[in-house]
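We use all heavy atoms of the structure for the numbers below, so side chains are in, but hydrogens, waters and symmetry mates are not. Chain identifiers are assigned alphabetically (A, B, ...) following the order of the sequence lines, protein sequences preceding nucleic acid strands; residue numbering begins at 1 within each chain. Not measured: the values here are computed from a predicted model.
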Amino acid sequence: MSRKLLVTHALPYANGSLHLGHSLEAVQTDIWVRFQRLRGHDCLFVCAEDCHGTPVMIRAQQQGETPEALIGASAAEHLRDYHDLLIEHDQFHSTHSAENQRCCNQLYAALRAAGLISRRSVRQAYDEQARMFLPDRYVRGICPRCKSPDQYGDSCEVCGSTYAPAELLEPRSTVSGSAPVWRESEHLFFRLGACEAMLREWLASGARAPAVRAKLEEWFTAGLQDWDISRDAPYFGFEVPDAPGKYFYVWFDAPIGYIASFEALRARRGLDFDLYWKSETASELHHFIGKDISYFHNLFWPAVLHGAGLRRPTGVHVHGFLTINGEKMSKSRGTFISARRYLERLPPEPLRYYFAAKLGAGVEDLDMNLDDFLARSNSDLVGKFVNIASRCAGFIERSGGRLGVQLADPALYAEFVAAGERIAALYEQREYGAAIREIMTLADQANRYVDLHKPWALAKDPAQAPRVLAVATQGINLFRALMIYLTPVLPRMSEAAGHFLGVPVSAWNDVATPLLGVPLAAYQPLATRLDPALVAQLIEAPSAPTLPSAAPAAIGGPAGATAAAAKSSEKAQQGGGMIGMDDFSRIDLRVARVISAERVEGSEKLLRLSLELGAEPRQVLSGIRSSYAPEQLVGRLVIVVANLEPRRMRFGVSAGMVLCASGEGDGVFLLGADSGAQPGMKVS
RNA sequence: GGCUAGGUAGCUCAGCUGGUUAGAGCGUGGCACUCAUAAUGCCGAGGUCGUGGGUUCGAGUCCCACCCUAGCCA
């Protein structure tokens with residue numbers, strides 16, 4: 001029976017580029033959507049640009065443009081990233097839209113009518129110079145607990161304690177730099193506490209990861225607090241209809257953007273609103289989100305929907321965060337990878353495959369180990385899966401280019417078909433990793449099958465020609481079954497395979513009927529190995545140092561350097577791994593003299609070097625302790641990468657890299673300069 | 001700081017309600033094969049299951065403490 005589903009992933013915020021964490025969520029959602037469609041269900045997939053709030057307003061001011069211009073450019077960039085990641089939204093809309101304003105007003109009116117809105121006064125930091133109220137993140141000062149300087153108004157990054165901005169010592173506004181004053185202002189509150197019984201009932205209804213359930217239980221125990229849904233002018237957002245000068249808080253209007261995006265789609269396709277949003281409807285609503293916004297989606301959002309007389313979500317699917325090589329993604333650690341940086345270098349499907357192979361239904365963080373990524377893509381995808389088609393295609397071609405009329409081993413094929421339901425159940429439960437393991441086990445079986453029947457040996461005897469064809473036909477059909485199962489993950493490859501097979505993959509159930517007697521197109525490689533050099537480039541720090549921004553939420557604006565980097569990396573790809581002079585000249589190599597060297601306490605590998613390079617001595621942490629004693633180094637001339645982005649390590653900041661040679665065996669060997677060279681000289 | 005989760009072979013992960021010699025894939029060593037994008041098949045090596053206690057006939061699996069990582073604290 002065909003289900004009706006509406007699916008979303010979290011809205012990207014208009015104040016930064018998408019990174020691989022966003023990509024993970026989009027890919028997870030897209031795979032589920034494509035899977036549902038392949039199973040014959042009616043599945044809509046909507047998303048929108050999240051446009052409102054103080055960060056967007058301030059950033060637009062800083063850049064001297066209107067918020068509308070900024071969010072337009074951001075939406076265009078995000079949409080292009082999603083497109084290139086093969087994310088297939090039915091609708092990508094905007095929270096700054098007529099539809100969303102209408103929806104916000106309607107929901108607000110309904111909540112007010114239901115008695116779920118209250119008003120009360122709050123005391124808040126106010127910047128008299130900028131003439132605006134300051135969100136907690138825009139007040140910085142000394143932590144009241146541990147006295148660390150320059151901490152946010154809501155929590156200390158050093159000691160981890162949380163507090164109110166008023167407790168901060170020597171507070172100042174990050175907008176104007178002035179000391180804030182405290183002012184009263186009347187705000188609107190959503191009475192979440194009144195929804196507890198309903199929420200408990202709703203939470204009990206759906207399947208949820210144990211970790212999510214435990215966390216929600218904790219929130220209930222702590223008591224549900226009313227939620228401030230208004231902000232004072234100036235604010236970039238929608239004005240509250242019955243409260244002039246007050247605006248809906250961005251987190252109020254953002255999830256309503258899901259409805260607004262649906263509305264835009266409804267207008268285009270003539271859909272039925274009630275079928276998707278009316279209370280008690282039989283259609284399904286699924287949200288895919290990160291664990292950081294579980295509170296909003298598991299408490300506020302269903303409460304707002306229900307309070308306004310609408311349906312609640314069928315599922316809120318929470319995923320963990322993406323780490324890179326075991327580390328949190330961050331610019332200062334050099335592990336920040338934007339979606340564009342990836343897409344400029346590598347195709348989307350290996351990434352989709354890698355994410356799928358590691359995703360489960362739980363909230364555990366997922367590590368993208370770049371060596372693992374390379375190995376998995378090359379060995380699983382190319383070495384074992386695509387290889388099945390590749391090794392059989394030649395036999396078909398030499399037998400006349402047409403598949404045989406029957407399978408050599410129907411029982412084995414039936415096993416592949418039977419596995420389909422198990423795999424489908426895993427996709428449905430979002431246990432993609434388990435599904436992929438299942439599929440790759442089948443791929444191993446397929447390769448073993450071909451190995452066992454040795455068509456290349458049979459082909460030496462012309463009398464065995466029918467047998468050769470039958471074995472190759474079997475192999476191609478096993479490949480096709482797996483390609484169907486991988487279609488949600490690898491849509492583009494599936495299309496190419498459809499071209500090769502002469503029949504596109506159109507439904508999960510295509511697997512029930514083996515492909516026989518039809519001509520095959522000439523085989524073209526369906527995937528190629530990833531170039532390790534390009535994978536390694538993913539974590540290189542951006543060449544142009546990014547300017548520190550006053551807006552704390554500005555985490556990844558479109559860097560000016562990316563266009564140039566794109567160009568040169570394109571060249572690099574075309575030139576088969578060669579780089580141009582441009583690329584080389586971006587690396588600032590310098591001669592430096594070692595002033596002092598010492599072992600780093602607590603590390604087995606590192607030496608702390610102080611280098612004479614320019615006016616200031618420079619600290620570099622170098623992993624050469626196994627080969628050099630500190631006293632051997634003092635006074636030596638070495639070569640350093642001078643413009644490497646400083647990297648914060650557990651033992652301090654390392655500002656540069658000392659060049660060494662190393663090979664397969666033990667030992668690293670320092671590069672030096674002949675005598676006469678002076679510290680600071682450029683190496684070229 | 002409080003809370004929620006995770007810490008299992010070089011890497012990434014499975015291990016259900018505690019029960020015989022802890023599994024898989026990748027990587028690695030050897031062999032075979034040569035149809036296939038140096039692909040594939042077979043065989044092998046690799047783990048005191050974060051640390052320290054405890055419960056039990058028996059613990060990766062339960063309890064306690066601690067360490068490390070991530071998220072949340074509206």
Side-chain angles (χ1 to χ4, degrees), chain A residues 136 145-146 154-156 159-163 189-190 192 209-219 221-229 249 251 290-296 298-300 318-323 325-329 354 357-360 362-398 431 433-434 436-441 443-460 468 471-472 475 479 523-530 650:
Chain A
D136 295 355
R145 305 279 191 291
C146 73
D154 52 355
S155 67
C156 173
C159 71
S161 59
T162 57
Y163 41 76
F189 286 79
F190 173 67
L192 184 65
V212 175
R213 199 177 284 280
K215 196 68 204 174
L216 293 170
E217 199 50 54
E218 180 199 332
W219 286 328
T221 308
L224 301 181
Q225 304 297 304
D226 290 350
W227 179 36
D228 187 349
I229 59 164
Y249 175 41
W251 260 114
K291 61 183 175 179
D292 54 333
I293 56 177
S294 179
Y295 195 87
F296 292 101
N298 277 306
L299 297 179
F300 291 137
V318 184
H319 62 78
F321 275 59
L322 182 72
T323 57
N325 287 341
E327 287 197 88
K328 195 174 165 178
M329 219 188 304
Y354 186 71
K358 306 197 69 171
L359 269 165
V363 299
E364 293 84 42
D365 288 351
L366 187 156
D367 185 45
M368 177 160 181
N369 180 287
L370 294 182
D371 293 336
D372 189 43
F373 167 61
L374 182 73
R376 290 291 276 271
S377 177
N378 288 349
S379 57
D380 283 12
L381 230 39
V382 183
K384 59 169 70 164
F385 169 59
V386 167
N387 182 239
I388 303 164
S390 177
R391 69 192 305 196
C392 292
F395 296 110
I396 303 288
E397 200 178 317
R398 287 186 287 276
E431 291 287 359
I436 296 295
R437 276 196 295 280
E438 188 84 48
I439 292 167
M440 284 304 138
T441 304
D444 286 340
Q445 271 189 58
N447 273 313
R448 261 199 301 272
Y449 171 85
V450 178
D451 250 72
L452 190 68
H453 293 86
K454 302 185 179 21
W456 59 90
L458 296 173
K460 288 174 184 156
V468 171
V471 168
F479 164 78
Y523 179 79
Q524 306 277 335
L526 291 167
T528 50
R529 295 168 169 279
L530 299 182
R650 191 142 57 98

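Protein atom CG of A/Leu530 is 12 Å distant from nucleotide atom C1' of B/U37, rounded to whole Å. The CG-C1' distance, from A/Asp365 to B/C13, rounds to 15 Å in whole Å. One interatomic measurement links the two molecules: CZ of A/Phe385 to C1' of B/A36, which rounds to 15 Å at whole-angstrom precision. Rounded to a whole Å, the CZ atom of A/Phe395 is 12 Å from the C1' atom of B/U40. Per the geometry, CG belonging to A/Leu322 stands 19 Å off P belonging to B/G6, to the nearest Å. If you measure from atom CG of A/Asn378 to atom P of B/A36, you get 20 Å, rounded to the nearest angstrom. Atom CD in A/Glu431 sits roughly 14 Å away from atom C1' in B/G15 (whole-Å rounding). Going from atom CZ of A/Arg376 over to atom P of B/G25 covers 11 Å, rounded to whole Å.
In the set B/C11, B/A5, B/C13, the nucleotide with an atom closest to the side chain of A/Arg437 is B/C13. Taking only side-chain atoms of A/Pro525, from C-beta outward, the nucleotide of B/U37, B/C35, B/C11 with the closest atom is B/U37. Nearest nucleotide to the side chain of A/Val386, out of B/U40, B/C11, B/U37: B/U37. Counting only heavy atoms from C-beta on, A/Phe321 has its side chain closest to B/G71 among B/A5, B/U12, B/G71. The side chain of A/Lys291 has B/G71 as its nearest neighbour among B/G71, B/C35, B/U37. For A/Asp451, whose side chain is taken as the heavy atoms from C-beta onward, the closest listed nucleotide among B/U12, B/C33, B/G41 is B/G41.
Place A/Asp444 and A/Gln225 on RNA chain B by their nearest nucleotides, and A/Asp444 ends up nearer the 5' end. Mapped onto RNA chain B by nearest heavy atom, A/Asp380 and A/Tyr249 fall at different nucleotides, with A/Asp380 at the one closer to the 5' end.
Annotation: B/U61 and B/U56 have their C1' atoms spaced 13 Å apart (nearest Å). One P atom belongs to B/C66, the other to B/G27, and the distance between them is 42 Å to the nearest Å. Rounded to a whole angstrom, the distance from the P atom of B/G7 to that of B/U12 is 13 Å. Taking atom C1' in both B/U28 and B/A45, the straight-line distance is 9 Å, to the nearest Å. Taking atom C1' on both B/C49 and B/U37, the two are 39 Å apart, rounded to the nearest angstrom. Rounded to a whole angstrom, the distance from the C1' atom of B/C62 to that of B/C42 is 42 Å. Using atom P as the reference point in both B/C57 and B/G18, the two lie 15 Å apart (nearest Å). A gap of 23 Å separates the C1' atoms of B/G71 and B/A65, to the nearest Å.
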**OP:** Test A/Lys291 against A/Asp365 for side chain to side chain contact (heavy atoms under 4.5 Å, CB included), laying out the working first.
**Re:** CA-CA 9 Å; A/Lys291 61 183 175 179; A/Asp365 288 351; 2.7 Å; yes
Original post:
Should A/Met368 and A/Leu370 be marked as a side chain to side chain contact (heavy atoms under 4.5 Å, CB included) after you check the CA-CA gap, both sets of side-chain angles, and the distance that decides it?
Top reply: CA-CA 6 Å; A/Met368 177 160 181; A/Leu370 294 182; 3.9 Å; yes
Original post:
Would A/Trp251 and A/Asp228 count as a side chain to side chain contact (heavy atoms under 4.5 Å, CB included) if you check the C-alpha gap in whole Å, the side-chain angles of each, and the deciding distance to 0.1 Å?
Top reply: CA-CA 10 Å; A/Trp251 260 114; A/Asp228 187 349; over 6 Å; no
**OP:** Kindly indicate, with the supporting measurements, whether the criterion side chain to side chain contact (heavy atoms under 4.5 Å, CB included) is fulfilled by A/Asn369 and A/Tyr354.
**Re:** CA-CA 10 Å; A/Asn369 180 287; A/Tyr354 186 71; 4.2 Å; yes
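Base orientation for B/G46: syn, the chi torsion being within 90° of 0.
Put simply, the side chain of A/Pro525 does not reach to within 4.5 Å of the side chain of A/Val386, judged on heavy atoms. Two residues are said to be in side-chain contact when any heavy atoms from C-beta on lie closer than 4.5 Å; A/Trp227 and A/Phe300 meet this criterion. The shortest distance between side-chain heavy atoms of A/Leu458 and A/Phe395 does not fall below 4.5 Å. You'll find the side chain of A/Val318 reaches within 4.5 Å of the side chain of A/Asn298, heavy atoms only. Side-chain contact between A/Asn447 and A/Ile388: present, with at least one pair of heavy atoms (C-beta onward) separated by less than 4.5 Å.
No engagement by A/Pro455 is indicated, since no non-hydrogen atom pair under 4.0 Å with the nucleic acid exists. Base contact: A/Gly223 has a heavy atom under 4.0 Å from a base atom. Residue A/Gly383 is classed as a sugar-phosphate contact, given heavy-atom separations below 4.0 Å to backbone atoms only. If you check every strand for non-hydrogen atoms under 4.0 Å, A/Phe479 touches nothing. As judged by a 4.0 angstrom heavy-atom cut-off over every strand, A/Ser379 is placed among residues touching the sugar-phosphate backbone only. Contact annotation for A/Ala357: no contact, since no heavy-atom pair falls under 4.0 Å across all strands. Heavy atoms of A/Trp219 sit under 4.0 angstrom from primed sugar atoms or phosphate atoms, though from no base atom. Within the nucleic acid shown, A/Leu526 comes within 4.0 Å of at least one base atom, counting heavy atoms only. When heavy atoms are screened at a 4.0 angstrom cut-off, A/Asn447 is found touching the sugar-phosphate backbone but no base atom. Nucleic acid contact class of A/Asp367 (heavy atoms, under 4.0 Å, all strands): sugar-phosphate only.
Checking B/A59 for Watson-Crick or G-U wobble geometry (two distances, each under 3.5 Å) identifies no partner in any strand. Summarising the base pairing, B/A14 is matched to no nucleotide, lacking a Watson-Crick or G-U wobble pair whose two defining distances lie under 3.5 Å. Pairing partner, B/A39: none, since no Watson-Crick or wobble contact has both distances short of 3.5 Å. In this entry B/A22 has no Watson-Crick or G-U wobble partner, no candidate having both defining distances under 3.5 Å. Base pairing annotation: B/C66 forms a Watson-Crick or G-U wobble pair with B/G50, both donor-acceptor distances under 3.5 Å. Nucleotide B/C33: unpaired (no Watson-Crick or G-U wobble partner with both distances less than 3.5 Å). If you check B/G27 for Watson-Crick or wobble pairing at under 3.5 angstrom, you find it has no partner at all.
Close to B/C26, at under 4.0 Å from its OP1 or OP2, lies a side-chain N or O of A/Lys384. Contact between the side-chain N/O atoms of A/Arg529 and the OP1/OP2 oxygens of B/A39 is found at a separation under 4.0 Å. Within the structure, a side-chain polar atom (N or O) of A/Arg448 is placed less than 4.0 Å from OP1 or OP2 of B/C42. OP1 or OP2 of B/C13 has at least one side-chain nitrogen or oxygen of A/Lys358 nearer than 4.0 Å.
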